[in-house]
There are 2 protein chains.
Amino acid sequence: MVMKKNAENLAALRIETPPATLREIALDRMRRAIIGGLFEPGERLVERTLCEQLGVSRSVIREVIRHLEAEGLVEMLAKQGPIVATLNWDDARQIYEIRAALESTAVADCAKVAGPEIKTALRKAMGELERTSKQNSPVGVLDATTEFYKIVFEAGGNNIAWEIVSRLNSRISRLRVMTLSTSNRMTSGPLQIREIFAAIDGNDGEAAASACRAHVGAAAAIAKIILS
Amino acid sequence: MVMKKNAENLAALRIETPPATLREIALDRMRRAIIGGLFEPGERLVERTLCEQLGVSRSVIREVIRHLEAEGLVEMLAKQGPIVATLNWDDARQIYEIRAALESTAVADCAKVAGPEIKTALRKAMGELERTSKQNSPVGVLDATTEFYKIVFEAGGNNIAWEIVSRLNSRISRLRVMTLSTSNRMTSGPLQIREIFAAIDGNDGEAAASACRAHVGAAAAIAKIILS
DNA sequence: GCTCATATCTTGGTATACCATCGGACAAAG
DNA sequence: CTTTGTCCGATGGTATACCAAGATATGAGC
């Protein structure tokens, strides 16, 4: 026991090596920039320009672009270089379908195992959600929703699915904020999340799953109107 | 009609620009090497060594590693560099669950829309599957199964889900061949695929989905025995 | 003989140099 | 005025050089 305590102390002593390699910082910035709409879809990403914008060398930029390419946020045009990925309705439709499949099983899993502490965490995230939605802050709502689902996925032991969903969400990020800007969505969204939570709170996996499917389906319907 | 023919000829004239940038070739080779087990899980991927093994510069290798990292085939150890990703049972379990979700909806979608030409293509893939399984060729069976599902996903308009499934499959590739090497699996696998096909052939989405879930579930069960 | 310090070697991180190709501007020929 | 040839700048692809940090070996001192 003493040994354990000692090890813990020593571990706590450890100087937090900033996981901040230049590349990771640049990756994060670039990803946020794309998701945040700082770059338009289809816009060319000229390497040397990005170099001076981010203040790093081309090597870093290129490796970051490789990563974003694999994530689906950037597309490579042969002989022309990278551009910000564009999104058509068919792709978006599929993404919403996949989300519906993964999120509904995740909430069901979560409902099966949810104990008091998870429910408390979810309740807190939901409070944040209502607060931001009352403030009419689309990005705030998005963050709160993300937090809610993050808890759901991790509680159910679905971290890989969470990774996939996160990646898919970043590909439809623009769509998501536009979807949220739809006025009635600002109120209906939290309502549906509340419904999902109620099912989880009652440990009713099936109800949670169907509520979740409804939630994603509603978002997809709005997205379809916007995009097509 | 004449116009059409003309356009076709013109298109045929086009000089095949080799999609062969060094990086893409190297990416392909590396991915195959990892999936094929040429590198052990956990094995360090020393950049300079790979350079001379592949005959390219470090820039290329590093960009390839970024890509593979984003794909989940390679992990980065802080201050130590890249290693071949390792697989624990919890991750594998999740991957099989996600596959079950995505593949079952894909076969259901396929069953809903499958026409004669799709069914013919599936039948052909299944013939290949039976042939390779009789020859006791695990990799052949794997390829044939992959081809079968590829047709299924594309027929149902689920190319993004296919991309995700492919990526997940590459992460459990070692497990898959080990799973197939299980003797009874060599015969039961094709049988289950045949069952899925029968449901698609009868355009019965629900039956196809449940057969598919059974198929993936059986694979997961064997994987669990192997891995834990 | 064991320990600790230092030298060195390996390895990844970063920056830069060089080259081939593409695209547009401009000019000359019809 | 259109067309075509050519040149030049921009851009991506590739290779290499340099640096800092860890790991390892070696040797001095106790």
Side-chain angles (χ1 to χ4, degrees), chain A residues 10-11 13-31 33-34 39-71 73-86, chain B residues 10 13-31 33-34 39-86:
Chain A
L10 287 178
L13 255 193
R14 175 173 214 84
I15 292 180
E16 276 310 320
T17 170
T21 149
L22 259 193
R23 174 163 39 89
E24 293 177 55
I25 300 173
L27 173 61
D28 190 61
R29 297 270 174 96
M30 283 290 299
R31 193 190 284 118
I34 294 177
F39 298 110
E40 294 293 310
E43 184 174 341
R44 285 190 60 178
L45 296 173
V46 180
E47 299 181 356
R48 284 175 172 81
T49 308
L50 293 175
C51 287
E52 48 190 38
Q53 283 176 341
L54 293 187
V56 297
S57 77
R58 275 185 71 205
S59 320
V60 175
I61 291 292
R62 286 180 63 87
E63 291 182 29
V64 165
I65 288 179
R66 284 313 143 254
H67 202 111
L68 294 173
E69 180 190 2
E71 283 186 14
L73 255 50
V74 164
E75 294 172 0
M76 294 300 293
L77 265 44
K79 307 279 186 181
Q80 291 188 66
I83 63 171
V84 177
T86 58
Chain B
L10 255 34
L13 255 194
R14 170 171 222 88
I15 292 178
E16 278 308 321
T17 172
T21 148
L22 261 193
R23 170 165 39 91
E24 293 179 56
I25 300 173
L27 173 61
D28 190 61
R29 297 270 174 94
M30 284 289 299
R31 193 189 285 119
I34 293 177
F39 298 110
E40 294 294 310
E43 184 175 340
R44 286 188 60 174
L45 296 172
V46 180
E47 300 181 354
R48 285 173 172 82
T49 309
L50 293 173
C51 286
E52 47 192 38
Q53 283 176 340
L54 294 187
V56 296
S57 77
R58 276 185 70 205
S59 321
V60 175
I61 292 292
R62 287 178 64 88
E63 291 182 29
V64 166
I65 287 178
R66 283 314 143 252
H67 202 112
L68 294 173
E69 180 191 2
E71 283 186 14
L73 255 50
V74 164
E75 294 171 0
M76 295 298 294
L77 264 44
K79 306 277 189 185
Q80 292 189 62
I83 63 171
V84 177
T86 58

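This structure is a prediction, so every number in the text was calculated from the model and none was measured. What you see below is based on every heavy atom in this structure, not just the backbone, and it leaves out hydrogens, waters and symmetry mates. Residue numbers start from 1 in every chain, and the chains themselves are labelled A, B, ... in the order their sequence lines are given, proteins ahead of strands.
- Comparing atom distances between the A/R66 side chain and each of C/dG12, D/dT14, D/dG13 picks out D/dG13 as nearest.
- Under the 4.5 Å side-chain criterion, counting only non-hydrogen atoms from C-beta, B/R23 is in contact with A/R62.
- Remark: of the listed residues B/L73, B/L68, B/I25, B/V74, B/L68 is the sole one forming a side chain to side chain contact (heavy atoms under 4.5 Å, CB included) with B/M30.
- A heavy atom lying under 4.0 Å from DNA chain D marks the following residues of residues 43-57 of chain B, by number: B/R48, B/V56, B/S57.
- Taking A/E69 as the reference, A/R66 meet the side chain to side chain donor-acceptor pair (under 3.5 Å) condition, with sequence neighbours excluded.
- Comparing A/S59 and A/G81 along DNA chain D, the residue whose closest nucleotide (by nearest heavy atom) sits nearer the 5' end is A/G81.
- Under the 4.5 Å side-chain criterion, counting only non-hydrogen atoms from C-beta, A/I65 is in contact with A/M76.
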Under 3.5 Å, side-chain donor or acceptor atoms of residues 48-59 of chain B against the rest of the protein: list the pairs with distances, not counting sequence neighbours.
| from | atom 1 | to | atom 2 | distance (Å) |
| --- | --- | --- | --- | --- |
| B/S57 | OG | B/S59 | N | 3.4 |
| B/R58 | NE | B/E47 | OE1 | 3.1 |
| B/R58 | NH2 | B/E47 | OE1 | 2.7 |

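- DNA chain D forms stems at C:1-30 with D:1-30, each a run of 3 or more consecutive Watson-Crick or G-U wobble pairs whose two key distances fall under 3.5 Å.
- One finds a side-chain N or O of B/R23 lying less than 4.0 angstrom from the OP1 or OP2 phosphate oxygen of D/dG13.
- Here A/E71 pairs with A/R31, A/H67 under the side chain to side chain donor-acceptor pair (under 3.5 Å) rule; sequence neighbours left out.
- The A/R58 side chain lies nearest to D/dT14 when the options are C/dT14, D/dT14, D/dA15.
- As a whole-Å value, the separation of B/L77 CG from C/dT11 C1' is 13 Å.
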Show each protein N/O and nucleotides 23-25 of chain D N/O combination with a separation under 3.5 Å, one pair to a line.
none

